[in-house]
Novice: 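Please find one structure pasted underneath; my questions will follow.
In what follows, every heavy atom counts, from backbone to side chain, and hydrogens, waters and symmetry copies are set aside.
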Amino acid sequence: MPEKTILIVDDEEMIRDVSAAMLEELGFATLAAANGPEAVRIFRDQGDGIAGVLLDMSMPIMDGIAVFKELRRIRPDVKVILASGYSEREVAESFGEVGVDGFVQKPFNLESLSAAVRRVVGR
C-alpha cells in the first residue's frame, strides 16, 4: 500500500523539519511549504496525492484561515489539521463554522501528532 502524503505548512523551518521527521517516522511521506501562497501552489499541483494538511494558524503573508479556505475551494474534501500555540477553544472561535478536521496544540510531541493525524487521515 502506498504511503500517504501530508503537506506541512508552517513559516518556521524548524517546525517544518521536526514535523516532517515525526510524520515520516509514522510512515507518511511529506511535502513542506514555508507560507500560504507556496502551500496553495503545491496543493494545486499535487493535491490529488495529498491525504492531509498540517496547517499553522499564524503565518505572515497569508494566515492559516485564508490558506484553509483556499485549499477547501480547490478540493472541498481535503483533511486539515490545524497546529497552533493557541488553545483548541480559541482556534474554534477563529475558524467558526468552516470546521477543520483536527487540531494539535504547539508544541506537540510524536504522540499527540500521531493521534491527531491518525484520527483525521487514518493509518
Novice: Could I get the full list of side chain to side chain contact (heavy atoms under 4.5 Å, CB included) partners for Asn109, not counting sequence neighbours?
Specialist: Glu111, Ser112
Novice: With sequence neighbours excluded, tell me which residues meet salt bridge (charged side-chain N to carboxylate O under 4.0 Å, His left out) with Arg75.
Specialist: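 Listed in chain order: Asp77.
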Novice: What's the spacing between Leu7 CG and Ile50 CD1 if we round to 0.5 Å?
Specialist: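 Interatomic distance, Leu7 CG to Ile50 CD1, rounded to 0.5 Å: 4.5 Å.
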Novice: Mind listing the closest non-hydrogen atom pair of Leu71 and Ala39 along with its distance?
Specialist: CD2-O, 4.4 Å
Novice: For Asp101, what residues pass the side-chain hydrogen bond (donor to acceptor under 3.5 Å, both in side chains) criterion, not counting sequence neighbours?
Specialist: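 For Asp101, the residues satisfying side-chain hydrogen bond (donor to acceptor under 3.5 Å, both in side chains) (neighbours in sequence not counted) are Arg72.
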Novice: Counting N and O atoms only, with roles assigned by atom type, does the side chain of Glu38 sit under 3.5 Å from a partner on the main chain of Ala33, one being a donor and the other an acceptor?
Specialist: no
Novice: With a 4.5 Å limit on heavy-atom distance, are the side chains of Val78 and Phe43 in contact?
Specialist: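 Side-chain contact under 4.5 Å: yes.
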Novice: How far does CD1 of Ile6 sit from NZ of Lys79, to the nearest 0.5 angstrom?
Specialist: 12.0 Å
Novice: To the nearest 0.5 Å, tell me how far Ile65 CD1 sits from Leu82 CG.
Specialist: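 Nearest 0.5 Å value for the CD1-CG distance: 8.5 Å.
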Novice: Please output the side-chain donor-acceptor pairs of residues 52-59 that fall under 3.5 Å, not counting sequence neighbours, one pair per line with the distance.
Specialist:
{"unit_1": "Asp56", "atom_1": "OD1", "unit_2": "Lys106", "atom_2": "NZ", "d": "2.9"}

Novice: Just distance, no hydrogens or angles: give the donor-acceptor pairs under 3.5 Å from side chains in residues 13-26, sequence neighbours left out.
Specialist:
{"unit_1": "Arg16", "atom_1": "NH1", "unit_2": "Asp10", "atom_2": "O", "d": "2.7"}
{"unit_1": "Ser19", "atom_1": "OG", "unit_2": "Ile15", "atom_2": "O", "d": "2.7"}
{"unit_1": "Glu24", "atom_1": "OE2", "unit_2": "Thr30", "atom_2": "OG1", "d": "2.6"}

Novice: Could you tell me if the side chain of Val120 sits less than 4.5 Å from the side chain of Val80, heavy atoms only?
Specialist: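 Val80 vs Val120: side chains apart.
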Novice: For Val121 and Ala51, which heavy atoms make the closest approach, and how far apart are they?
Specialist: CG1-CB, 3.7 Å
Novice: Would you say Ile61 and Pro37 make side-chain contact, with heavy atoms under 4.5 Å?
Specialist: yes
Novice: Are side-chain heavy atoms of Met62 and Asn35 found at a separation under 4.5 Å?
Specialist: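 Not in contact.
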Novice: Return the set of residues passing side-chain hydrogen bond (donor to acceptor under 3.5 Å, both in side chains) with Arg41 (not counting sequence neighbours), or none when no residue passes.
Specialist: none
Novice: Is the closest side-chain heavy-atom distance between Ile81 and Val100 below 4.5 Å?
Specialist: no
Novice: Could I get the full list of side-chain hydrogen bond (donor to acceptor under 3.5 Å, both in side chains) partners for Asp48, not counting sequence neighbours?
Specialist: none
Novice: Could you work out, with side-chain hydrogen bond (donor to acceptor under 3.5 Å, both in side chains) as the rule, every residue matching Arg44, not counting sequence neighbours?
Specialist: Glu70
Novice: Report the distance from atom CZ of Phe103 to atom OH of Tyr86, rounding to the nearest 0.5 Å.
Specialist: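 That separation rounds to 11.0 Å.
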